[in-house]
Protein chains: 2
Amino acid sequence: MTKDPYHHGDLAAALVGAALEEVRQVGAEKVSLRGVAATLKVSPSAAYHYFPDKDALLGATGGAVFELFGQRMQEAFESISGDGRQAVEGRLSALAMAYINFARDEPHLFRLAFGAYCVTPIGDKFMDLSEAGLAGTLLIRALDDLQRLGVIAPEARQHGEVLCWSAVHGMATLILEGHISELAVPALLDAIRFALAMDGKVA
Amino acid sequence: MTKDPYHHGDLAAALVGAALEEVRQVGAEKVSLRGVAATLKVSPSAAYHYFPDKDALLGATGGAVFELFGQRMQEAFESISGDGRQAVEGRLSALAMAYINFARDEPHLFRLAFGAYCVTPIGDKFMDLSEAGLAGTLLIRALDDLQRLGVIAPEARQHGEVLCWSAVHGMATLILEGHISELAVPALLDAIRFALAMDGKVA
DNA sequence: GACAGAATCTTTACATTGTTCAGATCAATC
DNA sequence: GATTGATCTGAACAATGTAAAGATTCTGTC
């Protein structure tokens, strides 16, 4: 077995794991440091040897959620194989659906990851999707494929990054907070296809 | 002077006002019921005669923020007069900018209004912008005007509702949480113009 | 104008929380 | 085997949300 830096294993990771599970169930606002410590049968003070305060623990938890989110996005991306037009188009939709589904299935986790607790530092470029994690990279690949196949024009490819990212994220949060019905998702997917002029004009 | 239902005036409204101010400064998470009561020189328990708990007070405060947000949107809409193409196009941009600017200028208020505290009930229709408050109505008017002038096609008009709303809201929250730079805003506005095919083909 | 009752607010109290700090326990090194 | 450093516990403190009971002020009626 691996090293035993503390009596029970790796407390830092265990705390994040327990916090993630509690956030998933009740939401970050209702998570108490004492509670997650108790589930690990550990004194509340023990957490302070790994995190300066509760917010730091939640921040780390948000980071873990972000990784989980990236995994889901990658699964969605890889769920469709092939280089044909249908596959490439399907991949963009699959990404969008996975994004929105994650927000719907795990609202508390989504809020934590994309909320105030996890401030992703922005790089020097005004918008570098690759810095936005795996999800951004996958979107770039999907759009590149679409342009390579001639499904979308270079101009659409260029505008696609902001447009897709903003629109999908916006709809995800609007659904999450109850400002729009989930039934609007197909309409958004249609709108994106329309916006990128993916209306089947190219073989 | 108006009625004096309590010693200081209208405590319910005063509480919401004080809470709004505190939320504006430090954010909803760090607002304490006792604190807002103290700023009004009122006992903490007094608040419980008007709101069942702290969340209810914050919910009402979020409602007030929503109204404020609607006012800002209306000001933006009315800041551009005229029925010409330039005016109508400008109104759409002005709405988008006002939306994003509100999020940037009042991040804590925006988070409260569009966050978990204020769950707007969704009507029967899968997406009724008018139920989303004043902002939705104004977007509808802007899109209608664009179509009437022939700046956008009926299909673009139809897709514009979800697309504009989602994209602008998404960018606002992405900027708010630090996932994207504010410098991406012009790119989004361009992308929306491109998406709706407002590229100057029509006089 | 006085009084009853309702509305409004205060006082007190309690449980829970984040956080600190001094000390106990354990692991590994010399 | 003693020392040292890391790891965790225990007790304690201040702040918070909230409940219950009592005090105060207003309102309307006789």
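Side-chain atoms are counted along with the backbone in the values below, which use heavy atoms only and exclude waters and symmetry mates. Here is the naming used below: chain letters follow the sequence lines, and residue numbers restart at 1 for every chain.
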Report summary line: Closest non-hydrogen contact found for A/Leu196 with A/Gly160 is CD2-CA, 3.9 Å

Query raised in the report: Taking atom C1' of D/dT7 as reference, at what distance in whole Å does atom CZ of A/Phe51 sit?
Result: 15 Å

**Report entry** d(CD, A/Glu29; P, C/dG18) in whole Å
**Finding:** 13 Å

Query - Qualifying residues under side chain to side chain contact (heavy atoms under 4.5 Å, CB included), relative to B/Ile80, sequence neighbours excluded - result: B/Ala87, B/Arg91, B/Ala94

Query raised in the report: Please give, in whole Å, the distance from D/dT7 P to A/Leu15 CG?
Result: 13 Å

Query raised in the report: Do other residues, nucleotides or ligands put more than 12 heavy atoms under 6.0 Å from A/Gln86 CD?
Result: no

Query raised in the report: Counting only heavy atoms not in A/Asp105, do more than 12 sit closer than 6.0 Å to its CG atom?
Result: yes

Report task. Enter the distance from B/Thr39:OG1 to B/Arg34:CZ here, rounded to the nearest 0.5 Å. Result -> 14.0 Å

Query raised in the report: Would B/Gln71 and B/Glu67 count as having a side-chain donor-acceptor pair, cut-off 3.5 Å?
Result: no

Query raised in the report: When the distance from CG of A/Asp10 to P of D/dA6 is rounded to whole Å, what number comes out?
Result: 16 Å

Report summary line: Readout for nucleotides 12-23 of chain D: B = base within 4.0 Å of protein heavy atom, S = sugar-phosphate only, - = neither; 5' to 3' it is B---BBBBB---

